[in-house]
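Beneath this line is the structure, given in structure tokens, with notes to follow.
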Amino acid sequence: MIPPAPPGPPMVTAAGPGWTPASGGTDLASPARMYDYLLGGKDNYAADRDLTRRLLEIQPQMAVAARENRAFLTRAVDVLAERGIRQFLDLGCGLPTRENVHQIAARRRPGARVVYVDHDPIVLAHARALLTDDGNVAIVQSDLRKRDELLGDVDASGSLDWAEPVAVLLTAVLHFVADADDPAGILAGLRAELAPGSALVISHATAGTAAEAARAAELYATACVTPLALRGRDEIAEFFGDFELLEPGLVFTAEWQPQGGTPSPAPTRGQLLAGVGLRR
């Protein structure tokens, strides 16, 4: 048994060192802060580190999965920006990291606009402290599970023109949307808003074994602010609807257009399937 993680250094936001939301929110782990911990960040609490370390006992590939997922996001944004997309909607964006979507996109498309969306107040505090100095970036508090409110909140930011192509990014987020919240319906509604030339970028956790999935889901249910909903390849593929998948289709994150054309060896691949779909 891995012991609970020791307290880490206080987080620093625009509200000052050690800031926490008025409602608390640090007793249970947060997926965004757990992801930050897996990537080597410091923007996490003991609850996040503790649950992550316990999950690593069950799924030791999690750390690799986090790194490969971030690398997939970088490649996907780069490819789409090169194809001419200048607008990106990052849903469930998580905490800012070394290289963020607006920085990746701007390398190919200077002036590209990015809207970051999350419902975690800690994520939003960090994002606003670190990212709002860029006039092409907007940060929106909204919940993916409430599609109509989400679209209204994004529209209120005044940052996106839905008549032009938009790349919607849903990396490592849909497995935190329970079946009861109708993720298929949410995705259908989002796809309907997108103009021709738009894109849908998805990465989603899938089970290694039934036993791993059951134990991981149990831990999330008791120690995290959100449940875990692992899904199979066919369920994940349905999220793309009639969008045309870019080559090589729905594959493990490391296999999606790897740099140099060679993915990491199979034993190191994390359990996230990923794809990029285009509306023709």
Side-chain angles (χ1 to χ4, degrees), residues 31 65 68-94 101 104-105 112 114-118 142-148 150-151 154 160 162-207 213 228-258 263 269-280:
E68 290 183 349
N69 183 68
R70 195 70 199 179
F72 159 70
L73 172 65
T74 298
R75 296 195 303 276
V77 170
D78 190 65
V79 165
L80 293 173
E82 186 174 18
R83 294 177 71 99
I85 293 182
R86 302 177 60 87
Q87 301 184 107
F88 295 82
L89 176 60
D90 190 356
L91 300 176
C93 59
V101 171
I104 302 164
V114 178
V115 178
Y116 293 104
V117 179
D118 211 296
S142 199
D143 192 331
L144 172 63
R145 295 166 296 183
K146 301 175 181 177
R147 188 192 67 219
D148 292 341
L150 166 68
L151 293 172
V154 171
L160 298 183
W162 294 103
E164 298 295 325
V166 176
V168 177
L169 314 177
L170 289 152
T171 54
V173 63
L174 286 171
H175 46 256
F176 298 117
V177 179
D179 289 341
D181 290 315
D182 189 20
I186 293 169
L187 266 294
L190 289 172
R191 293 194 306 268
E193 296 292 323
L194 298 176
S198 293
L200 192 57
V201 178
I202 294 174
S203 63
H204 194 299
T206 188
L228 179 67
L230 300 176
R231 297 183 173 96
R233 177 182 295 272
D234 290 345
E235 292 176 286
I236 297 167
E238 288 178 0
F239 291 143
F240 289 97
D242 61 355
F243 279 39
E244 180 181 335
L245 286 172
L246 292 181
E247 292 293 335
L250 185 61
V251 295
F252 286 115
T253 48
E255 297 173 327
W256 195 88
Q257 299 195 18
R269 291 180 193 147
Q271 295 296 318
L272 278 91
L273 290 172
V276 176
L278 291 182
R279 162 154 279 171
R280 296 299 186 180

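Each residue takes its place number in the sequence, starting with 1. The basis for the numbers below is simple: all heavy atoms, side chains too, and nothing from hydrogens, waters or symmetry mates.
Between Gly277 and Phe243 the shortest heavy-atom distance is O-CD2, 3.6 Å. Counting all heavy atoms, side chain and backbone alike, Ala65 lies closest to Gln271 at CB-N, 4.2 Å. Across Leu250 and Leu245, no two heavy atoms sit closer than the pair N-CD1, 4.1 Å. Here the closest non-hydrogen pair linking Thr206 and Gly232 is OG1-CA, 4.0 Å. In plain terms, the two heavy atoms of Asp118 and Gly92 that are nearest each other are OD2-C, 3.5 Å. Taking every heavy atom of both residues into account, Ala112 and Ala105 meet most closely at CB-CB, 3.9 Å.
Distance check: Ile202 CD1 to Ile236 CD1 gives 8.5 Å after rounding to the nearest 0.5 Å. The line from CG of Leu170 to CZ of Phe239 is 9.5 Å long, rounded to the nearest 0.5 Å. The CG atom of Leu273 sits 11.5 Å away from the NE2 atom of His175 when rounded to the nearest 0.5 Å. Atom CD of Glu68 sits about 9.0 Å away from atom CD of Glu255, to the nearest 0.5 Å. Rounding to the nearest 0.5 Å gives a distance of 6.5 Å between CG of Leu246 and CD of Gln257. A distance of 10.0 Å separates CD in Glu164 from CZ in Arg86, rounded to the nearest 0.5 Å.
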*Show the numbers, then the answer: is there a side-chain contact (heavy atoms from CB on, under 4.5 Å) between Trp256 and Val79?*
CA-CA 11 Å; Trp256 195 88; Val79 165; 4.2 Å; yes
*Taking it one step at a time, do Leu272 and Phe72 satisfy side-chain contact (heavy atoms from CB on, under 4.5 Å)?*
CA-CA 10 Å; Leu272 278 91; Phe72 159 70; over 6 Å; no
*Assess whether side-chain contact (heavy atoms from CB on, under 4.5 Å) is satisfied between Ile186 and Leu150, documenting all intermediate values.*
CA-CA 10 Å; Ile186 293 169; Leu150 166 68; 5.9 Å; no
*Carefully, step by step, assess Val115 and Phe88 under the rule side-chain contact (heavy atoms from CB on, under 4.5 Å).*
CA-CA 6 Å; Val115 178; Phe88 295 82; over 6 Å; no
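Although no hydrogens or angles enter the test, the distance criterion places a donor-acceptor pair under 3.5 Å between the side chain of Arg279 and the main chain of Leu194. Side chain of Arg147 to main chain of Gly185: a donor-acceptor pair is present (N/O by atom type, distance under 3.5 Å, no hydrogens or angles).
In this structure, Leu144 and Val117 have side chains that are not in contact, with every pair of non-hydrogen atoms separated by 4.5 Å or more. Residues Arg83 and Pro165 fail the side-chain proximity criterion, which asks for heavy atoms closer than 4.5 Å. Residues Glu238 and Leu187 have side chains not in contact (no heavy-atom distance under 4.5 Å, counting atoms from C-beta outward). Side-chain contact between Leu80 and Leu278 is present, with heavy atoms from C-beta onward closer than 4.5 Å. No side-chain heavy atom of Asp182 sits less than 4.5 Å from a side-chain heavy atom of Arg145.
Shown are Leu169, Thr253, Leu174, Leu73; of these, the side chain to side chain contact (heavy atoms under 4.5 Å, CB included) with Ser203 is made only by Thr253.
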